[in-house]
Amino acid sequence: MSDERLLDVNELDELNELMKARFNKLNELKEKGINPFGQKFARTHHVQEILDNAQAFIDSGQEVVIAGRLMAKRGHGKAGFANLQDLSGQIQIYSRLNDVGEEAHDLFKKADIGDILGVKGTVFITQKGEITIAVKELTLLTKSLRPLPEKFHGLKDVELRYRQRYVDLIMNPEVKKTFILRSKIIQAMREFLDKQGFLEVETPTLHAIAGGAAARPFITHHNALDIDLYMRIALELHLKRLIVGGLEKVYEIGRVFRNEGISTKHNPEFTMMELYQAYADYHDMMRITEEMVAYIAEKCLGTTKVMYEGTEIDLTPPWTRITMVDAVKKYAGVDFNEIKTDEEARNIARKLNIAVTDDATKGSVLNEIFEEIVEPNLIQPTFVMDYPIEVSPLAKRIEGNPDFTYRFEAFVVARELANAFSELNDPIDQRERFLKQVEQREKGDDEAHMMDEDFVRALEYGMPPTGGLGIGVDRLVMLLTDSPSIRDVILFPTLRPREK
RNA sequence: GAGCCAUUAGCUCAGUCGGUAGAGCACCAGACUUUUAAUCCGGGUGUCCCGCGUUCGAGUCGCGGAUGGCUCACCA
């Protein structure tokens, strides 16, 4: 497929001088019969293996073959040093005319920063003490036509870092580290769940009814069926159908989509882990949450004490457990056990300078006060239990206290990390709650749930008592990689497209 | 959606009071056979984000717009 034509550099008016120079070199290479976009290359080692075992390589005089991107070059006429970077790290190479011959040394001298090279050679240590590969053979594997950012400062421009993540990954080792860690975190999560006997499943991303969360969905269209479909906003309702079907312990790690604002904590598409366990309740979900997070931290970081933005967070189980009513009593000084009417609740909220609507109920006011006053205090991992029914349309009511549900959210550094409950399995109650949501929807709340008749039907066949849990994977990764923005843990965060 | 801030060479950044654009890296030419932000010597490569306005004159001042960042709102 290689194109042997030479490019006329004069036709490349729109290119800057740096790129013109590289196109010229590309032409020179083609004229010499060197393919600037080479073939498969058999490596014997990664850079880090050589760095870790340098003395053994030196003693044995063993030849090594590595490949990577040229990141820096220091020429000395008839010799020269360069740094080559592969996935594992960077190593210095040394090309000496007498050792490699004129042709290879010429290739070395003409090589640009950014070119991808294959190197065969032996390991030695320079006078300055740096582990180095003495080049015996040099192969150009890929000519780079665009100049890389400056070697010392790297790529700083945040917008360019997100738009051209490939450059970010080349230039900023900590970015590479973060995304490798992200992969390990998800791997550890799977490992934990698989060990516990959970079955990993895949459910549809295209939904006829977007349910399982309060969020505005994206709408798309299927041409052959000529119907609009929603991109899923949660995994919940399909996974619970599988519990009805008898799969007992299921989980899914998958992308969900919410058509809402973008911030340091929100990306329109993000990754959720949801699991459901038959015959379990929300206490079991708390144990799974704290044990899973601790397992992942231990596995990926070697500790359950992590630093986040300068604060040490201790993820060691058990985590603090407190009911929402007790938390509000503790931090806001208001005892909702003593409050009898909605009006009384609204007046207290207003006294605390929290805006509530005239039809706000006691439960929704409690939730407002919690979010405003309590949440910012929840730095160390905390389970907040027993949410009001108004804000929990899919959770089971507490026996003997029907205004509240067996639901908790886990908070770490004042952010919601997990949301879980003993699942509502009463189809009659579920239908009523959907109807209440539909009412809200008709009043203009386009984040309220839609009626999902098929889900109610599934419950009518009978769903065992079930515990369910959802964890925002991106937020977990932020916590464990000390990343201040969700964009730092998403390879290609959503940005407005640019003209150029 | 609102407020604040940013946008100058490929990259990282200076740019004074409004006087016609600069550094380092990178790049081009030369020297250099153990350097490492290599060094020495010569060379500045530009739609100052875009548009309109003020002005004799705008990178700089004003207005409008674009993109991004942060904060807030929204997001149970």
Side-chain angles (χ1 to χ4, degrees), chain A residues 14-22 24-25 71-83 90-100 105 108-110 112-114 124-132 134 144-164 167 170-171 212-216 233-234 258-268 270 324 355 363-364 366-368 370-371 375 384 387-395 405 407 409 415-416 419 421 437 440 445-449 472 484-485 487 493 495-500:
Chain A
E14 73 285 0
L15 290 185
N16 63 54
E17 293 303 314
L18 285 84
M19 284 189 71
K20 278 185 187 169
R22 290 182 178 222
N24 277 326
K25 287 185 183 175
M71 297 303 289
K73 207 169 87 170
R74 299 171 290 281
H76 294 264
K78 296 185 178 64
F81 294 90
N83 293 352
Q90 275 194 28
I91 195 166
Q92 178 166 269
I93 63 170
Y94 176 58
S95 173
R96 191 165 169 267
L97 177 62
N98 295 11
D99 296 338
V100 300
H105 192 64
F108 176 87
K109 287 179 83 169
K110 287 263 162 61
D112 284 310
I113 287 169
F124 76 107
I125 293 182
T126 62
Q127 288 173 6
K128 304 277 176 173
E130 178 144 355
I131 299 162
T132 302
S144 169
L145 296 174
R146 284 183 186 272
L148 283 175
E150 188 219 0
K151 62 186 167 195
F152 193 61
H153 296 92
L155 184 65
K156 286 263 166 55
D157 186 306
V158 191
E159 188 176 349
L160 278 183
R161 285 188 43 222
Y162 297 150
R163 287 192 198 277
Q164 300 183 27
V167 182
I170 292 167
M171 297 307 297
R216 245 182 309 245
I233 56 173
R258 297 188 183 176
N259 204 342
E260 282 155 3
I262 295 176
S263 77
T264 48
K265 296 173 195 66
H266 302 83
N267 196 63
F270 60 102
M324 185 183 277
S364 61
L366 171 67
N367 188 56
E368 281 295 322
F370 169 76
E371 285 180 5
E375 265 191 35
V384 175
Y387 275 58
I389 189 152
E390 293 94 321
V391 295
S392 314
L394 300 164
T405 59
R407 173 186 177 192
E409 289 190 337
R415 287 177 204 164
E416 178 193 340
N419 180 22
F421 23 96
Q437 290 286 313
Q440 295 289 327
D445 180 0
D446 50 9
E447 280 158 13
H449 278 72
S485 167
R487 296 181 203 99
L495 294 182
R496 199 181 284 271
R498 292 220 104 171
E499 306 270 318
K500 257 174 109 175

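We name chains A, B, ... by the order of the sequence lines, and we start the count at 1 in each one.
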Could you tell me which nucleotide pairs with [N] by Watson-Crick or G-U wobble geometry, both distances under 3.5 Å, or answer none if nothing does?
N: B:U45; value: B:A26
N: B:U35; value: none
N: B:U7; value: B:A66
N: B:U20; value: none
N: B:U71; value: B:A2
N: B:G53; value: B:C61

Length of the line joining [X]:[atom1] and [N]:[atom2], which is rounded to integer Å:
X: A:Lys73; N: B:U33; atom1: NZ; atom2: C1'; value: 15 Å
X: A:Lys265; N: B:U71; atom1: NZ; atom2: C1'; value: 10 Å
X: A:Phe152; N: B:A37; atom1: CZ; atom2: C1'; value: 6 Å

What's the gap between [N] and [M] when it is taken at their [atom1] atoms, as a whole Å value?
N: B:U45; M: B:A23; atom1: P; value: 11 Å
N: B:U7; M: B:G51; atom1: C1'; value: 16 Å
N: B:A2; M: B:C49; atom1: P; value: 24 Å
N: B:U47; M: B:U8; atom1: P; value: 12 Å
N: B:C17; M: B:G24; atom1: C1'; value: 28 Å
N: B:C5; M: B:G62; atom1: P; value: 11 Å
N: B:G65; M: B:C40; atom1: C1'; value: 49 Å
N: B:C25; M: B:G19; atom1: P; value: 28 Å

So if I take every side-chain heavy atom of [X] and compare against [options], which nucleotide ends up nearest?
X: A:Gln127; options: B:G10, B:G69, B:U35; value: B:U35
X: A:Glu17; options: B:A37, B:U45, B:G69; value: B:U45
X: A:Arg496; options: B:U67, B:U33, B:U35; value: B:U67
X: A:Thr126; options: B:C11, B:C28, B:U35; value: B:U35
X: A:Tyr94; options: B:U33, B:U35, B:U12; value: B:U33
X: A:Leu18; options: B:U36, B:G24, B:C27; value: B:C27
X: A:Ile113; options: B:A26, B:G68, B:C28; value: B:A26
X: A:Lys78; options: B:U33, B:C28, B:C13; value: B:U33
X: A:Phe81; options: B:C11, B:U12, B:U34; value: B:U34
X: A:His76; options: B:G10, B:U71, B:A38; value: B:A38

Across the strands shown, which category fits [X] at heavy-atom distances under 4.0 angstrom: base, sugar-phosphate, nothing?
X: A:Lys25; value: sugar-phosphate
X: A:Arg407; value: base
X: A:Glu260; value: sugar-phosphate
X: A:Glu416; value: nothing
X: A:Leu155; value: sugar-phosphate
X: A:Arg258; value: nothing
X: A:Leu495; value: sugar-phosphate
X: A:Lys128; value: base
X: A:Glu390; value: nothing
X: A:Gly154; value: sugar-phosphate
X: A:Arg96; value: base
X: A:Tyr387; value: nothing
X: A:Ala72; value: nothing
X: A:Ser364; value: nothing

Check this one for me: any side-chain N or O of [X] less than 4.0 Å away from OP1 or OP2 of [N]?
X: A:Lys151; N: B:A26; result: yes
X: A:Arg161; N: B:C11; result: no
X: A:Arg74; N: B:U35; result: no

How far apart are the closest heavy atoms of [X] and [Y], and which atoms are they?
X: A:His105; Y: A:Ser95; result: ND1-OG, 2.9 Å
X: A:Arg407; Y: A:Ala395; result: CB-CB, 4.2 Å
X: A:Tyr387; Y: A:Ser392; result: CB-OG, 3.5 Å
X: A:Asn16; Y: A:Leu18; result: OD1-N, 2.9 Å
X: A:His449; Y: A:Gly212; result: NE2-N, 3.4 Å
X: A:Ser144; Y: A:Ile113; result: OG-O, 4.4 Å

Worksheet item: Between A:Asp157 and A:Asn419, which has a closest nucleotide on RNA chain B that is more 5'?
Response: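 Closest to the 5' end, via its nearest nucleotide, is A:Asp157.
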
Discussion item. On RNA chain B, compare the nucleotides closest to A:Arg22 and A:Val391; which residue's is nearer the 5' end?
Written reply: A:Arg22

Discussion item. Taking A:Ala355's backbone N and O only, do any of them form a donor-acceptor pair with A:Glu368's side chain (distance below 3.5 Å, no angle check)?
Written reply: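 Not confirmed, A:Glu368 side chain does not pair with A:Ala355 backbone.
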
Worksheet entry | Value rounded to 0.5 Å, distance of CD in A:Glu150 from NZ in A:Lys156 | 8.5 Å

Worksheet item: Can you say whether the rings of A:Tyr94 and A:Phe124 are parallel (under 30°), tilted (30 to 60°) or perpendicular (over 60°)?
Response: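 Ring orientation, 0 to 90° scale: tilted.
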
Practice prompt. Confirm from the modelled atom types if A:Glu159 and B:U7 form a donor-acceptor pair under 3.5 Å, side chain to base only.
Written response: no

Worksheet item: Per the atom types in the model, does the base of B:U45 pair as donor or acceptor with the side chain of A:Asn16 at under 3.5 Å?
Response: no

Worksheet item: Is A:Lys265 close enough and on-axis enough to A:Phe270, meaning under 6.0 Å and within 45°, for cation-pi?
Response: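 Geometry flag: not set, cation outside 6.0 Å or 45°.
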
